[in-house]
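Throughout, protein chains are lettered first and strands after them, A, B, ... in sequence-line order, and every chain is numbered starting at 1. What you are looking at is a predicted structure, and each value in this text was computed from that prediction instead of being measured.
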Amino acid sequence: MGYFKLFLEQLKYSWLKKFSLQMTTLLVMVGSFLVVTVTVLVLNNINHIFKEVSESFQVSVYLTTEGEKEEHKAKIKTLIEESKIFSDVAYVSKDMALQDFKTKMAEQLPSFVLEENDVNPLPSSFALKINEQFNNKAGFNKVGSFVDGLLSVIGVEDISYGKSWVNKYSAILASYNIGSLAFILFLLMSVFLVVGNSIKSSIAQRRKEIEVLELVGATRMYIRMPFILEGAFMGLISSAISIGLTYALYQSIVSISAANNAESLFANLNLQFLPLHISLLICLASSVLGAMSAMLCIGKMNTGWAALSD
Amino acid sequence: MISFKHVYKTYPGPNHALKDVTLNIERGEFVFLTGPSGAGKTTFFKLLSAFDHPTSGEINVLGDNLNKLTNSSIPNFRKKIGVIYQDFKLINDKTVLENISLPLKVKGFNHKEIVSRANNVLEQVSLGHKANVYPLQLSGGEQQRVAIARALIHQPNLLIADEPTGNLDPALAEEIMTLLEKVNAQGTTVFVATHDLEMVKRKKKKHIEIKAGVVSGIL
Ligand SMILES: Nc1ncnc2c1ncn2[C@@H]1O[C@H](COP(=O)(O)OP(=O)(O)O)[C@@H](O)[C@H]1O
Ligand SMILES: [Mg+2]
């Protein structure tokens with residue numbers, strides 16, 4: 001509690017005496033944290049979207065006419081179910097496939113009408129959904145080898161699934177994740193330096209007072225704590241402001257995409273804001289970063305009688 | 001109360017700032033430390049107030065062996081002594097009251113206690129009416145009295161003053177000295193460095209003389 005009072009005094013002092021430096025520091029920090037939070041937000045959404053897409057990802061096992069016979073069909077179904085790779089094993093008959101095709105075509109191309117008496121060219125199939133725990137690289141490999149095996153079973157015509165698509169995107173996503181992390185680390189380092197610089201200036205400004213405090217027996221903690229708290233405060237405030245700004249940005253994107261619904265790039269993406277625990281984590285990490293930066297800058301402050309010896 | 005045993009202090013360079021200093025000062029004494037500029041007075045007080053370590057030798061002050069003080073126990077030692085500097089060392093953007101409160105604030109006293117003690121000690125140095133004034137609005141003699149008030153507010157058993165009158169004219173210097181004698185009369189051990197030999201002669205107190213780092217006489 002005593003430290004908190006000292007910290008408030010320190011804060012008042014810094015802002016009154018060096019307003020423009022404090023303001024510049026704060027702006028640079030808000031700018032950096034803004035880029036960090038936006039990056040985290042984008043990262044979070046891309047990962048989320050990717051997860052949703054790959055979750056709803058369907059594998060279709062197309063059957064030959066041979067395969068439509070009950071015995072083969074049952075055998076294939078059992079094989080699929082026993083693999084435990086898929087949830088939701090649904091049989092889609094030739095008629096259902098045609099019906100589906102017709103409705104889709106009607107949506108996209110209303111002028112397209114299929115003659116009733118045409119032969120149904122579509123095969124029947126099993127529509128499968130990949131279980132969630134296979135939504136990763138190792139999982140996809142298992143799915144791949146299972147599919148290869150299934151292809152040689154009598155009655156299976158072809159299997160369509162997005163192995164290459166999913167693999168390609170998960171690789172891109174991984175490198176994007178790493179790239180963003182490196183970028184964030186770089187920004188945090190610059191924040192570290194900026195906070196340190198501002199604390200150094202606070203210390204220089206109060207050099208004489210620190211000296212006097214040492215002379216009257218203040219402990220290191222007593223002298224340092226206000227500066228450390230000031231660093232933590234700068235981190236906390238600037239990251240909170242950045243999260244606020246990011247939220248405003250997010251809201252405006254959401255409302256723009258709501259306004260011109262279908263054409264919008266973001267229309268069907270179901271964007272999410274940073275979850276609360278991530279936001280809190282960012283604030284906490286920024287405070288710790290500010291405090292650590294201040295701690296490193298304080299160094300050795302014992303000047304004592306030095307001024308007297310000359 | 002204070003004992004130096006064969007204390008040496010050497011800074012980088014050929015000469016000793018202090019050389020084989022051995023002396024004792026008892027509780028309640030008033031002692032002058034004299035010597036020309038560069039003799040080692042400030043060095044002596046630095047060692048005495050645990051701002052520097054001796055190169056060799058043993059120093060005991062108020063029951064603490066200063067050689068054995070750790071970094072974390074130094075603040076506790078300093079809380080037991082009061083120090084006055086030639087250049088006052090006041091904080092110019094704090095009021096007189098705030099300046100002299102620091103030793104008690106550092107000790108964790110509450111606000112009420114601090115204000116009541118501060119007013120008492122300001123009366124003692126005849127500055128009761130200047131509590132809310134800033135140091136730069138005061139004369140040199142008044143500033144030094146504020147510094148004395150700060151050195152006394154926590155009621156130390158030992159008060160050391162490094163050339164407290166060095167920046168003051170003779171009349172003000174006399175005034176400060178009288179104040180220090182008053183403090184001594186109330187039981188505080190007072191140790192004053194000065195190169196004003198005239199005054200030392202007039203006061204007829206214990207007098208330790210150093211020259212080029214060596215104690216050349218205890219009178
Ligand atoms: N920090 C230091 N580094 C090197 N030499 C010093 C230092 N402080 C004092 N000295 C030297 O030690 C000697 C004694 O200095 P000081 O104790 O300041 O003398 P006084 O206070 O009696 O004038 C002088 O020769 C001075 O130059
Ligand atoms: Mg000196």
Side-chain angles (χ1 to χ4, degrees), chain A residues 1-22 198-199 201-230 295-310, chain B residues 9 11 17 37-38 40-52 70-94 98-111 135 147 150-154 156 160 162-163 166 193:
Chain A
M1 210 58 227
Y3 285 133
F4 189 70
K5 238 176 102 186
L6 287 174
F7 152 68
L8 287 184
E9 269 174 38
Q10 163 70 30
L11 205 63
K12 196 174 109 194
Y13 197 92
S14 306
W15 280 89
L16 287 181
K17 295 276 158 151
K18 292 244 170 145
F19 181 79
S20 62
L21 175 79
Q22 292 294 96
S198 129
I199 297 293
S201 145
S202 281
I203 291 171
Q205 203 181 316
R206 310 194 75 171
R207 184 104 251 164
K208 196 172 169 197
E209 187 177 344
I210 290 170
E211 187 187 331
V212 171
L213 283 172
E214 289 186 316
L215 295 174
V216 299
T219 57
R220 276 162 73 84
M221 209 43 156
Y222 185 96
I223 294 171
R224 287 167 176 232
M225 205 45 139
F227 294 103
I228 293 172
L229 289 176
E230 187 183 6
M295 237 184 283
L296 278 183
C297 283
I298 294 169
K300 195 166 181 276
M301 301 199 294
N302 195 332
T303 50
W305 291 63
L308 283 174
S309 54
D310 45 37
Chain B
K9 178 65 190 180
Y11 292 114
S37 188
K41 302 183 294 296
T42 297
T43 303
F44 183 89
F45 276 178
K46 269 193 205 174
L47 299 185
L48 181 58
S49 58
F51 252 100
D52 214 341
T70 59
N71 274 341
S72 56
S73 58
I74 285 175
N76 275 332
F77 169 72
R78 297 221 182 105
K79 283 173 185 145
K80 297 198 285 190
I81 62 174
V83 187
I84 299 164
Y85 311 86
Q86 185 174 348
D87 62 350
F88 316 142
K89 293 200 188 296
L90 299 176
I91 302 163
N92 291 334
D93 51 22
K94 286 193 187 295
E98 288 166 342
N99 266 285
I100 67 171
S101 300
L102 284 177
L104 295 183
K105 244 178 116 177
V106 161
K107 276 184 150 181
F109 278 58
N110 69 42
H111 184 70
R150 185 183 61 197
L152 291 175
I153 195 168
H154 56 299
I160 62 182
D162 189 11
E163 309 210 27

Using non-hydrogen atoms and a 4.5 Å limit, figure out which bit of [X] sits close to chain A: side chain, backbone, both or neither.
{"X": "B:Leu90", "value": "backbone"}
{"X": "B:Lys107", "value": "neither"}
{"X": "B:Asp93", "value": "side chain"}

- If every non-hydrogen atom of B:Ala151 is compared with every non-hydrogen atom of B:Pro156, which pair is closest and at what distance? O-CG, 3.2 Å

- Query: Is NZ or CZ of A:Arg224 both nearer than 6.0 Å to the six-membered ring centre of A:Tyr3 and within 45° of the ring axis?
  - Reply: no

- Query: Has B:Asn110 got more than 12 heavy atoms of other residues, nucleotides or ligands less than 6.0 Å from its CG?
  - Reply: yes

- Give a yes or no on whether the backbone of B:Ala50 and the side-chain of B:Arg78 come within a donor-acceptor separation of less than 3.5 Å. yes

